[in-house]
Amino acid sequence: MIKITFPDGSAREFKEGINSIQIAEQISPGLAREVYSATVNGEVWDLIRPITRDAAVKLHKWEDEQGKHAFWHSSAHLMAGALESLYPGIKFGIGPAIEMGFYYDVDPGEGRVITDSDLEVIENRMKEHASRNLIFTRKEISKKDALDLFRKKGDEYKTELINELQDGTITLYSHGDFTDLCRGPHLPSTEPIKAIKLTSVAGAYWRGDEKRKMLTRIYGITFPKQKMLDEYLVFLEEAKKRDHRRIGRELELFHFSPKVGMGLPLWLPKGAEIRQNLISFLTGILKKRGYKIVTTPHIGNVDLYKTSGHYEKYGASSFQPMSTPQEGEQFMLKPMNCPHHCEIYNATPHSYKELPIKMAEFGTVYRYEQSGELHGLTRVRSFTQDDAHHFCTPEQLREEFKSIIDLMLYVYRVMNFNDYTAQISLRDPDNMEKYIGTDENWEKAEQDIIAAAGEKNLKTVVIKGEAAFYGPKLDFMVKDAIGRNWQLGTIQVDYNLPERFNLTYNGSDNQKHQPVMIHRTIFGSLERFVAVMIENNSGKFPLWLAPDKAVLLPISEKFNDYAANVLEILNNSDICTLIDDRSEKIGKKIRDNELKRIPYLLVIGEKEAENGTVSVRKQGEGDKGSMKIDEFVNFIRSEINREIAN
RNA sequence: GCCGAUGUAGCUCAGUUGGUCAGAGCAGCUGAUUUGUAAUCUGCAGGUCGGGGGUUCGAAUCCCUUCAUCGGCUCCA
């Protein structure tokens with residue numbers, strides 16, 4: 001007998017060699033139907049793997065990451081099996097479970113393509129296989145045998161993977177006629193996979209290396225119940241409606257014109273109004289916190305970027321330098337503001353008593369992003385950063401860093417922006433040549449970031465390999481409507497630019513010292529920030545940000561004169577932008593959310609025209625009663641103040 | 001940049017195997033109507049079917065090419 005301990009601390013004796021599914025069955029048959037994998041002594045195992053000694057066991061259901069993971073990973077195998085039966089000779093790369101579903105990278109073979117229209121056939125074959133209730137079996141295999149097996153199949157991808165594995169750790173999983181190199185774990189059988197949807201097909205480089213062959217990646221998702229799949233598909237449909245590209249068009253916020261150029265957003269009046277509101281909101285906060293606003297040109301001499309090191313790193317993949325009538329003179333569109341700010345710092349001598357110096361600019365920058373990478377407002381070729389740089393003494397670094405975390409959290413809170421992940425982005429230890437600067441400085445900077453985040457009790461995740469080439473950073477990541485991750489705010493420590501630009505200050509010892517530089521943005525870019533705000537709120541903006549704060553609706557043309565009067569007063573109030581809508585098809589506009597996104601609806605009828613009032617309705621909340629015009633202005637003003645003061 | 005898909009009016013989309021296939025709804029503009037919040041009625045106007053080449057007696061439809069968009073990959077200072 002062996003002793004199995006459960007997460008709640010309780011323990012039971014079982015026969016040696018029992019497996020997790022049998023344990024679950026003995027607890028309750030209902031449970032057994034719902035578990036998909038188990039953690040045995042800290043390792044995630046198949047349910048059918050025998051347990052031969054005392055162990056701590058945690059059973060995983062759908063609700064657990066590990067449960068879903070086993071479910072989707074098994075689904076990837078199910079798909080691979082279907083593919084092999086449909087496309088004999090097809091070769092397989094890797095096929096993991098992901099956050100939502102799974103994929104498999106495959107090489108269908110020379111001259112064969114798999115496209116969207118093939119997915120249904122594959123899906124049907126998967127369903128057929130799944131319904132046969134195929135058992136997943138696990139087999140340990142020697143490296144030599146594994147190599148022989150996959151060489152015989154002619155699968156160079158799997159043999160490459162096996163070559164990198166340690167002999168004695170290699171396992172195969174099979175179901176039906178299909179066998180795959182795999183670490184597991186898997187479901188006991190294909191039986192629980194009831195609902196299957198292959199979502200898309202895409203290209204993906206083998207091992208993520210753009211110099212290697214592009215495989216075909218097939219994405220899919222599966223569920224234990226059809227209803228869950230249906231709900232997921234509904235969710236995707238709903239998410240499409242929140243897409244900022246769609247809402248941006250509906251609300252006439254921004255526009256892309258191929259004539260202007262891809263990735264170059266045109267801000268329409270209403271979008272520009274939102275942008276402007278964001279800028280003035282943040283400017284007010286920055287001034288209170290001791291930032292100095294600066295302005296720098298949109299171009300700079302190539303030498304500036306050679307000095308900063310950006311030219312060497314990104315020159316070839318940037319908008320190329322423009323020349324002038326002067327021989328040998330070259331300028332570039334600025335891809336970042338930092339070098340300009342360094343030169344501003346250098347314009348005057350500095351004492352330690354002045355530091356930290358905080359320089360801010362809403363700086364528009366231009367980056368030649370790869371054409372396939374452009375995406376609405378979230379990835380563009382010209383965008384405006386709410387950029388700022390802190391120049392401080394090494395001793396001040398941590399405090400400065402913490403103060404920026406405070407600022408960031410403050411702004412996000414005011415904006416009611418809660419759904420973000422703070423990510424500490426460090427160097428990739430396997431790729432150290434990507435980075436410039438001394439190990440010592442990197443070490444120091446990384447420690448400072450981790451410490452500052454810790455002292456601020458910020459919940460963070462640490463990701464290696466995501467640092468900037470000149471320094472580590474703390475990034476604030478958010479998800480868009482369909483779950484893609486975007487970086488908004490970022491705080492970056494930089495010892496490199498101060499050195500390259502020879503920045504100095506006089507210390508109390510009357511010696512020259514080098515300041516440390518912190519780069520930071522809060523919104524990231526106005527473009528991306530607006531996009532994320534739109535997707536988070538389905539295009540509804542808080543009152544203070546909204547381009548139109550209210551819509552004016554006269555019941556009848558009889559009141560048009562009065563309405564025009566009201567409109568003028570309110571629009572001139574400098575606080576309340578109104579749109580005038582005398583259309584009779586107001587119902588349709590409301591249904592289409594065109595007007596529902598505007599915070600207030602003002603109705604004018606006989607009574608209102610007589611009394612010089614408007615009937616105020618807050619969208620989604622209902623009647624606020626009748627108000628005199630100036631009452632309404634004051635009301636809006638106080639509402640805005642309340643929102644911003646928070 | 002790479003793989004795959006898509007491109008018909010401002011928007012959403014129909015257009016069967018190449019042959020009255022240049023259409024509809026919404027938006028817009030005309031008139032009429034005046035209604036307290038999810039579609040009032042009439043009429044009109046709108047497109048070199050993304051651009052360019054080709055095949056054909058004939059191309060929105062087939063082929064090539066180019067531009068743009070979408071989903072991924074790579075990248076993201």
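Lettering of chains follows the sequences in order, A, B, ..., and the numbering in each one begins at 1. No experiment lies behind these values; they were computed from the predicted model shown.
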Asks: Students often get this wrong, so: under 4.0 angstrom with heavy atoms, is A/Met336 touching a base, only sugar-phosphate, or nothing?
Replies: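 The answer is base, as A/Met336 lies within the cut-off (heavy atoms under 4.0 Å) of a base atom.
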Asks: Before we go on, tell me: are the rings of A/Tyr470 and A/His519 under 6.0 Å apart, centre to centre?
Replies: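 Yes, the ring of A/Tyr470 comes within the 6.0 Å limit of the ring of A/His519, centre to centre.
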Asks: For atom C1', what is the distance between B/G54 and B/G43, given to the nearest Å?
Replies: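 Those two atoms are separated by 43 Å.
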Asks: If the C1' atom of B/G50 is compared with that of B/U8, how far apart are they to the nearest Å?
Replies: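 It works out to 10 Å between them.
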Asks: Are A/Tyr311 and A/Tyr305 close enough that their ring centres sit under 6.0 Å apart?
Replies: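 No: the rings miss the under 6.0 Å criterion.
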Asks: Show the distances under 3.5 angstrom between N or O atoms of the protein and N or O atoms of nucleotides 2-13 of chain B.
Replies:
{"from": "B/C2", "atom 1": "O4'", "to": "A/Tyr205", "atom 2": "OH", "distance (Å)": "3.3"}
{"from": "B/C3", "atom 1": "O2", "to": "A/Gly203", "atom 2": "N", "distance (Å)": "3.0"}
{"from": "B/U12", "atom 1": "OP1", "to": "A/Arg249", "atom 2": "NH2", "distance (Å)": "2.9"}

Asks: Scan A/Glu608 against the nucleic acid and name what it touches under 4.0 Å (heavy atoms): base, sugar-phosphate only, or nothing.
Replies: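 If one applies the 4.0 Å heavy-atom cut-off, A/Glu608 turns out to touch a base.
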Asks: Report yes if some heavy atom in the side chain of A/Met336 is under 4.5 Å from a heavy atom in the side chain of A/Arg367; otherwise report no.
Replies: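 Yes, at least one pair of side-chain atoms sits under 4.5 Å.
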Asks: Where the side chain of A/Arg367 is concerned, which of B/U69, B/C76, B/U37 is the nearest nucleotide?
Replies: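 Closest nucleotide among those given: B/C76.
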Asks: When you check the glycosidic angle of B/G46, does it come out syn, meaning within 90° of 0, or anti?
Replies: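 B/G46: syn glycosidic orientation.
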Asks: Rounding to an integer number of Å, can you tell me how far A/Ile218 CD1 sits from B/G71 C1'?
Replies: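 Atom-to-atom, A/Ile218 to B/G71, this comes out as 14 Å.
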Asks: Rounded to whole Å, please give me the gap between NZ in A/Lys434 and P in B/C76.
Replies: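 Result: 6 Å.
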Asks: Quick one: do the A/Tyr291 and A/His390 side chains pair a donor with an acceptor below 3.5 Å?
Replies: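 Per modelled atom types, A/Tyr291 and A/His390 side chains form a pair under 3.5 Å.
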Asks: Would you say the side-chain atoms of A/Asn337 and A/Gln385 include a donor-acceptor pair closer than 3.5 Å?
Replies: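 Side chains of A/Asn337 and A/Gln385: pair found under 3.5 Å.
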Asks: Please classify the nucleic acid contact of A/Ser117 as base, sugar-phosphate, or nothing, using heavy-atom distances under 4.0 Å.
Replies: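 If one applies the 4.0 Å heavy-atom cut-off, A/Ser117 turns out to touch nothing in the nucleic acid.
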Asks: Mind checking A/His375 for me? I need base, sugar-phosphate or nothing, with any heavy atom below 4.0 Å counting as a touch.
Replies: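 Counting heavy atoms under 4.0 Å across all strands, the contact made by A/His375 is with sugar-phosphate only.
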Asks: Consider the side chain of A/Gln370, meaning its heavy atoms from C-beta on, and name the nucleotide among B/U69, B/A77, B/G1 that approaches it most closely.
Replies: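 Closest nucleotide among those given: B/G1.
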Asks: When rounded to the nearest Å, what value does the distance between P atoms of B/C26 and B/C21 take?
Replies: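 Per the computed distance, 23 Å lies between those P atoms.
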Asks: More 5' along RNA chain B: A/Ser318 or A/Arg381, using each one's nearest nucleotide?
Replies: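 The residue whose closest nucleotide sits nearer the 5' end is A/Arg381.
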Asks: Hey, are A/Glu361 and A/Lys334 close enough for a salt bridge, meaning a charged N less than 4.0 Å from a carboxylate O?
Replies: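 Salt bridge between A/Glu361 and A/Lys334, a charged N being under 4.0 Å from a carboxylate O: yes.
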Asks: Does B/U30 pair with anything, Watson-Crick or G-U wobble, both distances under 3.5 Å, and if so, with which nucleotide?
Replies: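 Per the H-bond distance test, none.
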Asks: Classify the ring geometry between A/Tyr314 and A/Phe469 as parallel (under 30°), tilted (30 to 60°) or perpendicular (over 60°).
Replies: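 Perpendicular: the ring planes of A/Tyr314 and A/Phe469 meet at over 60°.
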Asks: Assign A/Arg484 to base, sugar-phosphate, or nothing according to its heavy-atom contacts below 4.0 angstrom with the strands shown.
Replies: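 It contacts sugar-phosphate atoms only.
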Asks: In whole angstrom, give the distance that lies between atom CD of A/Glu210 and atom P of B/G72.
Replies: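 My rounded result for the distance is 19 Å.
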Asks: Applying ring-ring contact (aromatic ring centres under 6.0 Å, His included), can you list everything that pairs with A/Tyr205, at least two apart in sequence or on another chain?
Replies: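 Here no residue qualifies.
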Asks: If we call it a pair only when both distances are under 3.5 Å in a Watson-Crick or G-U wobble match, what pairs with B/C2?
Replies: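 B/G72 - that is the nucleotide pairing with B/C2, both distances being under 3.5 Å.
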Asks: Send over the distance from A/Tyr368 OH to B/A77 C1', rounded to a whole Å.
Replies: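 It works out to 17 Å between those atoms.
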Asks: Rounded to whole Å, how long is the line connecting atom OH of A/Tyr470 with atom P of B/C76?
Replies: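 In whole Å, B/C76 P and A/Tyr470 OH are 12 Å from each other.
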Asks: With a non-hydrogen cut-off below 4.0 angstrom, is A/Ser615 in contact with a base, only sugar-phosphate, or nothing?
Replies: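 If one applies the 4.0 Å heavy-atom cut-off, A/Ser615 turns out to touch a base.
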Asks: Please determine if A/Arg597 and A/Glu250 form a salt bridge, counting it only when a charged side-chain N lies under 4.0 Å from a carboxylate O.
Replies: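 A/Glu250 and A/Arg597: salt-bridged.
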Asks: Need one value for A/Tyr103: base, sugar-phosphate or nothing, where a base atom within 4.0 Å counts as base even if backbone is also close, heavy atoms only.
Replies: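 No contact at all - A/Tyr103 keeps every heavy atom at 4.0 Å or more from the nucleic acid.
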Asks: Just how far, in rounded Å, is C1' of B/C76 from CE of A/Met477?
Replies: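 In whole Å, B/C76 C1' lies 10 Å from A/Met477 CE.
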Asks: Nearest to the side chain of A/Arg245 - B/A77, B/C70, B/G72?
Replies: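 Among B/A77, B/C70, B/G72, the one nearest the side chain of A/Arg245 is B/C70.
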Asks: State which residue, out of A/Leu488, A/Thr521, A/Leu377, fulfils the side chain to side chain contact (heavy atoms under 4.5 Å, CB included) condition with A/Arg528.
Replies: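 Considering A/Leu488, A/Thr521, A/Leu377, a side chain to side chain contact (heavy atoms under 4.5 Å, CB included) with A/Arg528 is found only for A/Leu488.
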Asks: Mind checking A/Tyr219 for me? I need base, sugar-phosphate or nothing, with any heavy atom below 4.0 Å counting as a touch.
Replies: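 Sugar-phosphate, backbone atoms only, no base.
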Asks: For A/Arg379 and B/G72, what is the distance between atoms CZ and C1' respectively, to the nearest whole Å?
Replies: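 Interatomic distance, CZ of A/Arg379 to C1' of B/G72: 14 Å.
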Asks: C1' atom, B/C64 versus B/G23: distance in rounded Å?
Replies: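 So the two C1' atoms sit 29 Å from each other.
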Asks: Please enumerate all protein N or O atoms sitting under 3.5 Å from an N or O of nucleotides 47-49 of chain B, with distances to 0.1 Å.
Replies:
none

Asks: With C1' as the reference atom in both, quote the distance from B/G25 to B/C62 in angstrom, rounded to an integer.
Replies: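 Each nucleotide's C1' atom is 31 Å from the other's.
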Asks: What is the base-pairing partner of B/A14, counting Watson-Crick and G-U wobble geometry with both distances under 3.5 Å?
Replies: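 Partner of B/A14: none found under 3.5 Å.
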Asks: Let me know, please, whether A/Arg617 or A/Glu369 comes out on the 5' side of the other along RNA chain B by nearest nucleotide.
Replies: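 Looking at the nearest nucleotide for each, A/Arg617 comes out on the 5' side.
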Asks: Just checking A/Lys473: base, sugar-phosphate only, or nothing, at a heavy-atom cut-off of under 4.0 Å?
Replies: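 The answer is sugar-phosphate, as A/Lys473 gets under 4.0 Å only of primed atoms, P, OP1 or OP2.
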Asks: If I pick the C1' atom on B/U55 and the same atom on B/G18, what distance separates them, to the nearest angstrom?
Replies: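 One C1' to the other, the span is 11 Å.
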Asks: Find the distance A/Phe256:CZ to B/A68:P and express it as a whole number of Å.
Replies: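 Nearest whole value for this atom pair: 13 Å.
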Asks: Work out how far the P atom of B/C70 is from that of B/U34, and round it to whole angstrom.
Replies: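 So the two P atoms sit 47 Å from each other.
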Asks: Which nucleotide in the set B/G36, B/A77, B/C73 lies at the smallest distance from any side-chain heavy atom of A/Arg217?
Replies: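 Between B/G36, B/A77, B/C73, the one nearest the side chain of A/Arg217 would be B/C73.
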Asks: Mind checking the C1' distance from B/C44 to B/U48? Whole angstroms is fine.
Replies: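 The answer is 23 Å between these two C1' atoms.
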Asks: Establish, from distance only, whether the side-chain atoms of A/Ser615 and A/Ser626 form a donor-acceptor pair under 3.5 Å.
Replies: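 A/Ser626 and A/Ser615 do not have a side-chain donor-acceptor pair below 3.5 Å.
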Asks: Parallel under 30°, tilted from 30 to 60°, perpendicular over 60°: which one fits the rings of A/His375 and A/Trp486?
Replies: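 Correct class here is tilted.
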Asks: Flag the pair A/Asp494 and A/Lys473 as a salt bridge only when some basic side-chain nitrogen lies within less than 4.0 angstrom of an acidic carboxylate oxygen.
Replies: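 Judged by the 4.0 Å cut-off on N to carboxylate O distance, A/Asp494 and A/Lys473 do not form a salt bridge.
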